[in-house]
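Note sheet for the following structure.
When reading the values below, keep in mind they use all heavy atoms of this one structure, side chains included, and skip hydrogens, waters and symmetry mates.
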Amino acid sequence: MTAELLYSSLQLSIPELMLAAGAMVLLMVGVFSGERSVTLVNGLAVALLIMAGLWLVLFTGDGAAYGGAFLSDPFARFMKVVALIGSITAMVMTVGHAKSERIDRFEFPVLIVLATLGIMLMIAANDLIALYLGLELQSLALYVVAAINRDSVRSTEAGLKYFVLGALSSGMLLYGASLVYGYTGFTGFDEIAAVLSDGERPLGLVFGLVFLLTGIAFKISAVPFHMWTPDVYEGAPTPVTAFFAAAPKIAAMALFIRVTHAAFAPIAIDWQQIVVFLAIASMVLGSFAAIGQTNIKRLMAYSSIGHMGYALVGLAAGTQAGVRGVIIYMLVYMVMTLGTFACILAMRRKEEGNVEQIDELAGLSSTNPFMATVMTIFMFSLAGIPPLGGFFAKYVVFAAAIEAELYWLAVIGVLASVVGAYYYLRIVKIIWFDTPAPQFAPVAGELKLVFGVSGLFILGYMLVASPLGLAANVAAASFF
């Protein structure tokens, strides 16, 4: 690599370099200052993520770096910004709750920064090796974060389950990547697509594609690779669960889009079958399994599985409108989820600490009308009821499926949404019509900010739908 190519590569990857160097500096600050540096490291980590996001928006252009392994295009930039917003919001939500959740260690913000670095590398990956490195950097940080509360058996169990199943999925992904390399002779997505466009489609390559997509499906918790999700969501500290539900899902879905539309576009007929199966299984299981849940974090886990299924409906279309639909869906899903988890974090009493049972929300409308109203907006939006953001998100993915003549897939999606609406509306009924439970402690300012802004976005989505749709269309056009 010449000096000019190296310089241009470094220019394109400055946000990632900032996070890598910043994480090392924050680690040193924490090591030499001890536990009293938790607040300082937390604040610096948020500032670092904001700086990376601003640099990404203002100064990063288009191009390929490091021999084509790293790609900066409108799609990568859009998804990186969304993921950074998710990471920053999850970090802000921990302020004031780190001590009560037993995550008041300086390692926590450092691990979140490293996980975010892995997320950004995943989104920018244009090569199987770069894909794997980004995925593992993110995963290793998340394994530790899930079990960071070492005094909690639930948290430790959640981290161990996630580690064991994550290692299995990584092995499957790596095996699939080795098969793809063996049959094509390349690891770069562009080169793989060029080989496949010649019409050659060996059976071993299709097996490689299946294993590769299996590894990615685990990261978005698509059925049947969802088994870790309810236990990890319930066992991990709530701020950690909020992070799990936001930024990593954005990265994994971006990776899914990149792999299918960049590397394997010439054999779309093969991966579409896989995506359709994952979408149907996720929508159906997510809708029915959540009905009997009494723990709100487990309910949100099954809700997440269902929502990944709806997003995959757009991906299954294999068109620009489908990719645009997935991008919009993931953005709206992230906002709804972070807002809901801010409300879950606010479910706290002085004597009991955090409570997680759905029945604890009984009569919230009389004890905290603002939180009750915002929670209702999120539940209606997650159910896909107009005119909230969740309705428009589902509309764009179903419309893309219908445009691609996948009528039956759209019908199954609508029916699953109807079933899923039951458990969301049950929470609304508990909030507004049940006998009030004991009042929660006063809500922290940062949580009010998060669920207030999120609720405003979901409620007024129609006002920003047009510019967001245009930006998502430009991002989707990167593949077409």
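- No side-chain donor-acceptor contact under 3.5 Å links Asn126 to the backbone of Phe70.
- The side-chain heavy atoms of Thr294 and Ile358, taken from C-beta on, include no pair separated by under 4.5 Å.
- Nearest heavy-atom pair, Ser155 versus Pro237, reported as atom, atom and distance to 0.1 Å: OG-CD, 3.8 Å.
- Under the 4.5 Å side-chain criterion, counting only non-hydrogen atoms from C-beta, Ile250 is not in contact with Met122.
- In plain terms, the two heavy atoms of Leu312 and Ala222 that are nearest each other are CD1-CB, 4.2 Å.
- Taking all atoms of both residues into account, the shortest heavy-atom contact from Leu19 to Ala52 is CD2-CB, 3.9 Å.
- No side-chain donor from either of Thr337 and Lys249 sits under 3.5 Å from a side-chain acceptor of the other.
- In this structure Ser303 satisfies the side chain to side chain donor-acceptor pair (under 3.5 Å) test together with Tyr424, sequence neighbours excluded.
- Side-chain contact between Leu315 and Phe256: present, with at least one pair of heavy atoms (C-beta onward) separated by less than 4.5 Å.
- Between the side chain of Asp127 and the backbone N or O of Gly188 there is at least one donor-acceptor pair closer than 3.5 Å.
- A side-chain donor-acceptor contact under 3.5 Å links Glu136 and Ser170.
- Shortest non-hydrogen contact noted between Tyr423 and Gly286 is OH-O, 3.2 Å.
- The closest side-chain donor-acceptor pair between Asp62 and Ser72, if any, does not fall under 3.5 angstrom.
- Side-chain contact annotation: Ser304 with Tyr333, donor-acceptor N/O pair under 3.5 Å present.
- Identified under the ring pair (Phe, Tyr, Trp, His ring centres under 6.0 Å) test for residues 188-226, with sequence neighbours left out: Tyr175-Phe211, Phe218-Trp228.
- In this structure, a donor-acceptor pair under 3.5 Å is absent between the side chains of Ser282 and Tyr310.
- Here the CG atom belonging to Leu56 is positioned 7.0 Å from the CD atom belonging to Glu16, to the nearest 0.5 angstrom.
- Side chain of Ser9 to main chain of Tyr66: a donor-acceptor pair is present (N/O by atom type, distance under 3.5 Å, no hydrogens or angles).
- Below 30°, between 30° and 60°, or above 60°: for Phe59 and Trp55 the angle between ring planes is between 30° and 60°, a tilted geometry.
- The two residues Ile458 and Ser381 come nearest to each other via the heavy atoms CG2-OG, 3.2 Å.
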Could you pull out all donor-acceptor pairs under 3.5 Å where a side-chain atom in residues 404-420 meets a protein atom, sequence neighbours excluded?
| unit_1 | atom_1 | unit_2 | atom_2 | d |
| --- | --- | --- | --- | --- |
| Ser417 | OG | Lys394 | NZ | 3.3 |
| Ser417 | OG | Gly413 | O | 3.0 |

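- Of the possible polar contacts, none joining the Arg258 side chain to the Leu131 backbone as a donor-acceptor pair under 3.5 Å is found.
- Contact between Ile123 and Ala251 at its shortest, heavy atoms only, is CG1-CA, 3.9 Å.
- Taking 4.5 Å as the limit, some side-chain heavy atom of Val180 sits within range of a side-chain heavy atom of Leu128.
- Remark: the backbone N or O of Ala289 is paired with a side-chain donor or acceptor of Gln293 at under 3.5 angstrom.
- Between the CG atom in Leu111 and the CG atom in Leu142 there is a gap of 9.0 Å [rounded to 0.5 Å].
- Residues Val275 and Val313 form no side-chain contact, since every pair of their non-hydrogen atoms from C-beta on lies 4.5 Å or further apart.
- Between Lys297 and Glu234 no salt bridge is recorded (no basic side-chain N to carboxylate O distance below 4.0 Å).
- Contact check for Val323 versus Thr319: no side-chain heavy atoms found under the 4.5 Å cut-off.
- Here CG of Leu299 is found 12.5 Å from CD of Glu356. Values are rounded to the nearest 0.5 Å.
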Name the atoms and distances for all side-chain donor-acceptor pairs under 3.5 Å in residues 465-480, with sequence neighbours left out.
| unit_1 | atom_1 | unit_2 | atom_2 | d |
| --- | --- | --- | --- | --- |
| Asn473 | OD1 | Gln320 | NE2 | 3.3 |
| Ser478 | OG | Phe75 | N | 3.3 |
| Ser478 | OG | Ala475 | O | 2.9 |

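- With contacts defined as side-chain heavy-atom distances shorter than 4.5 Å, the pair Leu84/Pro15 does not qualify.
- Listed for the Trp271 side chain is no donor-acceptor partner under 3.5 Å among the backbone atoms of Leu209.
- For the atom pair Arg298 CZ and Thr241 OG1, the distance stands at 12.0 Å (nearest 0.5 Å).
- Note that CD1 of Ile280 is 13.5 Å distant from CG of Leu285, once rounded to the nearest 0.5 Å.
- Under the 6.0 Å cut-off for aromatic ring centres, Phe244 and Tyr162 qualify, their centroids lying closer than that.
- Separating the CG atom in Leu212 from the OH atom in Tyr132 is a distance of 12.0 Å, to the nearest 0.5 Å.
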Give every donor-acceptor pair under 3.5 Å between a side-chain atom in residues 325-332 and any protein atom, sequence neighbours left out.
| unit_1 | atom_1 | unit_2 | atom_2 | d |
| --- | --- | --- | --- | --- |
| Tyr329 | OH | His307 | ND1 | 2.6 |

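- Annotation: ring pair (Phe, Tyr, Trp, His ring centres under 6.0 Å) contacts of Tyr7 (sequence neighbours excluded): none.
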